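In what follows, a structure is listed as structure tokens, so that the remarks can point back to it.
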Amino acid sequence: MSRERTKAAAFPVDRNDVDLMRAAHPPHWMNPTPDGRYNLVVIGAGPAGLTAARDAASLGAKVALVERGLIGGACVNVGGVPSKSIIRTARLYADMRDAENFGGDVPERLHADFERAMMRMRQIRQRLSRADSAVAIASEGIDLYFGEARFGGADTVEVAGRTLHFRKALVATGAHPSAPAIPGLAEAGYLDNESMFDLTQCPERLLVIGGGPLGCETAQAFCLLGAKVILAQNEPMFLPGEERDAAQILSDALAREGVEVRLNTEVVAVRREGGKKLADLTREGDTTTISVDEIITGVGRSPNVGGLGLEEAGVAYDADGIKVDDHLRTTNTHIYAAGDVCLEYKFTHTAEATARIVVRNALFRGHERLSELVVPWCTYTDPEIAHVGLYPIEARRDGIPVKTYTVLMHDVARAVMDGEEEGFVKIHVREGSDRILGATVVASHAGEMINAVTLAIRSGMGLHALADVIHPFPTQAQGIKMAGDAYRRTRLTSLRRRLAARWLAWSRR
Ligand SMILES: Cc1cc2nc3c(=O)[nH]c(=O)nc-3n(C[C@H](O)[C@H](O)[C@H](O)COP(=O)(O)OP(=O)(O)OC[C@H]3O[C@@H](n4cnc5c(N)ncnc54)[C@H](O)[C@@H]3O)c2cc1C
């Protein structure tokens, strides 16, 4: 059973959280009084809703933005911002433990200070929320309403006793953590992304359920911050969508760092005994019971579609979210959707990109298409795993012949100097051409490196052209150029080689 929260996480109260709430949901906010029809009513002030409201208002549209919880949505409050902030501290401790490999000494009595790591996270979250404060949004000419929004009909939204009339509306209500259907789990209690950032003490023994991006990032970070982590995944590999060798590198890295990796393992029951939580894990018919202090689930996200009055508005949806066409229009042609509530790929950058499409299509009769977006993504483990475009398996399924150019990070000078040699750059092209189909990068900074390939695909540049891009030496992104060089070497046919040799021999005379 999944659930939807009506508010973002109830944060523990420290100064940073109080300031964050003041910015993101001021306690004494006075909702405006609607005055005439809006060009655009936006439901949800996460990355999608904020982007759409701001872009539309900056172009002169009359815009209403409705938020029931905290401005910033999952990203700032309970998603990418807090998770990447604690990952940074986790990496610091990983580096300190690895000091000898860098010619240093491991500090004596090295002990991860979880409490301070979480405090730093709260400071960062508060700081980043300032740019999107209620006051800042209102000052941009947007009518900001706090409250639970619900369609009253095909062209109205109800919020906090007010009726907002619209020409166009955008549903950008995001998603919430799916709860795994494990007997006893709800009764025993568990954390998900809406509650785990409230922790102030590191659990001694922690079970993380789910080996997707969220589960892997969480397991690694908590392990490096001092927890004894067991990561259970009910499939043979972590990150099931990614290339197998990428997932294998991650699996090895997690195990090396001390995460107890349990693949092909199902958590079948949970119960509470004393102060502990006991979890039954089965693998190939064998059941073992582990005792942990806390359980975190990271098994996926379900769209926020409940209570919105979508039926009254004529907007079709199912368990995967709101149904949209390639222009992001719902079954009510005046209502659009963007972000996690309608997308398969649930990322901040896709939420923002789809919101931009909606503004152009809804307000300016544009014809921009979701299918034309080139969307990269990254799992922020160490090493990071980033991808863009097609996987070879997808290309072959579509009958496209694939040739892959691979550079191992241990051949990239900067990666060797940094002691970050694990991973690879793989660029897949259509065989017989340099047209880039996709790429996977596994490296410490894969999320930065993938951008060059995304730009190339977006602008129609081939792998040949990537070999011409000059990178400052030494950078890990040189791995991308090296893949281009590898392609270029294959173009040196024996005829060209003979002609070049003949020319050089002649020019020596
Ligand atoms: C732990 C974690 C880590 C993540 N890390 C990354 C990352 O590193 N990179 C990345 O790209 N993505 C990451 N994501 C995903 C990213 O956070 C989401 O894809 C993004 O926030 C989606 O934006 P959105 O605007 O569609 O929805 P949301 O951010 O969910 O915002 C939706 C908003 O709508 C509001 N709302 C819902 N219903 C109503 C209603 N009826 N009335 C009024 N308001 C309503 C909600 O309160 C919420 O504020 C992460 C997610 C999680 C959980």
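Basis for what follows: all heavy atoms, side chains included, without hydrogens, waters or symmetry-related copies. Order of appearance sets the numbers: ligands from 1, and atoms from 1 within every ligand. This structure is a prediction, so every number in the text was calculated from the model and none was measured.
Near G73, with a cut-off below 4.0 Å to any heavy atom, the atoms of ligand 1 are 29 (O), 31 (O), 48 (C), 49 (O). The atoms of ligand 1 that sit less than 4.0 Å from any heavy atom of L70 are 49 (O). Close approach to E148 involves these atoms of ligand 1, each under 4.0 Å from a residue heavy atom: 41 (N), 42 (N). The atoms of ligand 1 that sit less than 4.0 Å from any heavy atom of A172 are 32 (C), 33 (C), 34 (O). Atoms of ligand 1 found under 4.0 Å from any heavy atom of G46 (numbered from 1 in listed order, with element): 25 (O), 29 (O), 31 (O), 33 (C). For ligand 1, the atoms sitting less than 4.0 Å from at least one non-hydrogen atom of K346 are 15 (C), 19 (O), numbered in the order shown with element in parentheses. Counting the atoms of ligand 1 from 1 in the order shown, those under 4.0 Å from a heavy atom of A149 are 40 (C), 41 (N), 42 (N), 43 (C). Distances below 4.0 Å separate heavy atoms of Y380 from the following atoms of ligand 1: 8 (O).
For E448, the CD atom is loosely surrounded, since the number of other residues' heavy atoms within 6.0 Å does not exceed 12. In this structure, D318 places its CG atom where more than 12 heavy-atom neighbours from other residues, nucleotides or ligands lie under 6.0 Å away. Other residues, nucleotides and ligands contribute at most 12 non-hydrogen atoms within 6.0 Å of the CD atom of E115. For R88, the CZ atom is loosely surrounded, since the number of other residues' heavy atoms within 6.0 Å does not exceed 12. Annotation: R167, atom CZ; neighbour count of heavy atoms from other residues, nucleotides and ligands within 6.0 Å does not exceed 12. A 6.0 Å sphere centred on CD of E311 holds more than 12 heavy atoms belonging to other residues, nucleotides or ligands. Around CD1 of I393, the count of heavy atoms belonging to other residues, nucleotides or ligands within 6.0 Å does not exceed 12. For E394, the CD atom is densely surrounded, since the number of other residues' heavy atoms within 6.0 Å is greater than 12.
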Original post:
Which is it for D326 and S371 under the side-chain hydrogen bond (donor to acceptor under 3.5 Å, both in side chains) test, yes or no, and what are the steps along the way?
Top reply: CA-CA 6 Å; D326 206 18; S371 56; 2.6 Å; yes

Subject >> Evaluation steps, ring pair (Phe, Tyr, Trp, His ring centres under 6.0 Å), between H165 and Y38 >> reply: CA-CA 6 Å; H165 296 265; Y38 287 101; 9.3 Å; no

**OP:** Show the numbers, then the answer: is there a side-chain hydrogen bond (donor to acceptor under 3.5 Å, both in side chains) between T381 and Q220?
**Re:** CA-CA 7 Å; T381 43; Q220 192 177 48; 4.8 Å; no

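Contacts of K84 with ligand 1, taken as heavy-atom pairs under 4.0 Å, involve the side chain alone. Contact annotation: for I43 versus ligand 1, heavy atoms closer than 4.0 Å belong to the side chain alone. The side chain of A351, and not its backbone, has at least one atom closer than 4.0 Å to an atom of ligand 1 (non-hydrogen atoms only; side chain from C-beta on). Neither the backbone nor the side chain of C378 has any atom closer than 4.0 Å to an atom of ligand 1 (non-hydrogen atoms only). When non-hydrogen atoms are compared, ligand 1 lies under 4.0 Å from the backbone of D340 as well as from its side chain. Of the heavy atoms in R301, only side-chain atoms (C-beta onward) come closer than 4.0 Å to ligand 1. With a 4.0 Å cut-off on non-hydrogen atoms, W377 does not touch ligand 1 at all. Here S83 has side-chain heavy atoms under 4.0 Å from ligand 1, and that is the only part of it that gets that close. For L308, every heavy-atom contact with ligand 1 shorter than 4.0 Å involves the side chain, none the backbone.
Listed for the N304 side chain is a donor-acceptor partner under 3.5 Å among the backbone atoms of T173.
Remark: L65 CG to R54 CZ distance equals 9.5 Å, nearest 0.5 Å. In this structure, NE2 in H327 is found 14.0 Å from CZ in R360, a value given to the nearest 0.5 Å.
Ligand 1 has no N or O atom lying under 3.5 Å from any N or O atom of V78, backbone or side chain. In terms of N/O distances under 3.5 Å, ligand 1 is approached by H349. Considering backbone and side-chain atoms alike, A338 places every N or O at 3.5 Å or more from each N or O of ligand 1. Polar contact with ligand 1: present for F347 (N/O pair, distance under 3.5 Å). Residue T348 has at least one N or O atom closer than 3.5 Å to an N or O atom of ligand 1. Residue N193 places no N or O, backbone or side chain, under 3.5 Å from any N or O of ligand 1.
Ligand 1 lies within reach of G147, whose nearest heavy atom is under 4.0 Å from it.
The ring of H25 has its center closer than 6.0 angstrom to the ring center of F146.
Checking A74, A45, A337 against atom 28 (P) of ligand 1, the nearest heavy atom belongs to A74.
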